[in-house]
Amino acid sequence: MRELALRLFADNRIEGQVLIDLSGQKLPAGLRPRMRLNFEAVFRTDNGRIKVDLRKLFLEGQPVPIPLFDAVIAFAARIGKSDPGSFNDWYELPPGLKNLRTEPGRVLVYY
C-alpha cells in the first residue's frame, strides 16, 4: 500500500481510497502493478478488536464482488509469506485501545 485516504462519517461509516503497488511481483493476468481501490465500509469494535464490514468495493473504478477481495488478500499473503486471513476477520487494535468511533471528519479513540 502506497497511499491511503479516508473520509469519516457518523456511525463508524468510512469511505477510502488506497493505492496498491505490487511492482516487482509476479501477478496473475489482468492485474496491473499499481491499482486504485475505493471502498465504503462500516467498522465495529469490541473489547480491543476491530472488524470492517465492506459495503462497496471498486478496483480501478470497476465494482468488485466482496468475496473476490478475500481471494486477493490470500494471494497477497502468499506473496508476503504471511498467514492468509479474511477481511471479515476480527483484528486486534493496538495495545491500550479499547474502542474507535467516527463522527463526520474525525475519529474518537478510547483507551
Side-chain angles (χ1 to χ4, degrees):
M1 176 174 56
R2 293 282 181 197
E3 297 173 11
L4 172 65
L6 293 175
R7 293 180 62 198
L8 306 171
F9 301 93
D11 301 320
N12 296 345
R13 190 173 72 83
I14 58 175
E15 292 178 0
Q17 183 178 84
V18 178
L19 175 61
I20 299 169
D21 188 350
L22 298 173
S23 300
Q25 303 295 324
K26 191 172 185 173
L27 300 173
L31 290 181
R32 297 183 307 196
R34 292 175 62 99
M35 297 171 284
R36 289 230 177 256
L37 182 73
N38 295 74
F39 64 90
E40 180 182 320
V42 174
F43 69 84
R44 294 184 287 155
T45 56
D46 182 41
N47 289 329
R49 300 180 311 149
I50 189 168
K51 180 178 180 178
V52 179
D53 179 17
L54 282 175
R55 301 287 170 91
K56 296 179 184 175
L57 185 63
F58 298 88
L59 184 61
E60 292 295 321
Q62 298 299 312
V64 175
I66 307 282
L68 179 61
F69 190 57
D70 261 350
V72 172
I73 290 173
F75 174 75
R78 280 194 298 274
I79 287 174
K81 297 181 177 35
S82 63
D83 293 330
S86 167
F87 205 77
N88 292 316
D89 290 345
W90 283 92
Y91 295 94
E92 296 295 320
L93 289 168
L97 291 184
K98 296 190 183 341
N99 192 8
L100 301 173
R101 196 178 83 209
T102 62
E103 294 178 351
R106 64 188 207 166
V107 63
L108 303 172
V109 179
Y110 299 87
Y111 58 97

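Just the heavy atoms: all of them, side chains too, but no hydrogens, waters or symmetry mates, feed the values below. Start at 1 with the first residue, then count along the sequence. Worth saying up front: this structure is predicted, and the values here are computed from it rather than measured.
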Considering non-hydrogen atoms only, spot the tightest contact between [X] and [Y] and give its length.
X	Y	result
Asn38	Gln17	ND2-NE2, 3.1 Å
Trp90	Arg44	CZ3-O, 3.6 Å
Thr102	Arg13	OG1-N, 3.6 Å
Ala41	Val52	CB-CG1, 3.6 Å
Phe39	Leu54	CB-CD2, 3.9 Å

Residue pair [X] / [Y], side-chain heavy-atom distance below 4.5 Å:
X	Y	value
Asn12	Leu100	no
Asp11	Val42	no
Pro63	Phe58	yes
Arg34	Leu19	yes

Using modelled atom types only, decide if a donor and an acceptor are shared between the side chain of Glu103 and the backbone of Ala10 within a distance under 3.5 Å. no

Sidechain-backbone polar pair: Thr45 side chain, Ile50 backbone, donor-acceptor under 3.5 Å | no

Taking a hydrophobic cluster as the set of Ile, Leu, Val, Met, Phe, Trp and Tyr residues connected by side-chain heavy atoms closer than 4.5 Å, whether directly or through intermediates, do [X] and [Y] fall within one such cluster?
X	Y	answer
Tyr110	Tyr91	no
Leu6	Leu97	yes
Leu4	Leu8	yes
Met35	Leu37	yes
Leu93	Leu108	no

Quick check for you: to the nearest 0.5 Å, what is the distance between [X] atom [atom1] and [Y] atom [atom2]?
X	Y	atom1	atom2	value
Ile20	Met1	CD1	CE	9.0 Å
Lys98	Asp46	NZ	CG	12.5 Å
Phe43	Arg101	CZ	CZ	10.0 Å

Only residue of Arg55, Lys56, Lys51 satisfying salt bridge (Lys or Arg N to Asp or Glu O under 4.0 Å) with Asp53 is Arg55

*Please say whether more than 12 non-hydrogen atoms of neighbouring residues, nucleotides or ligands are located less than 6.0 Å from CZ in Arg7.*
no

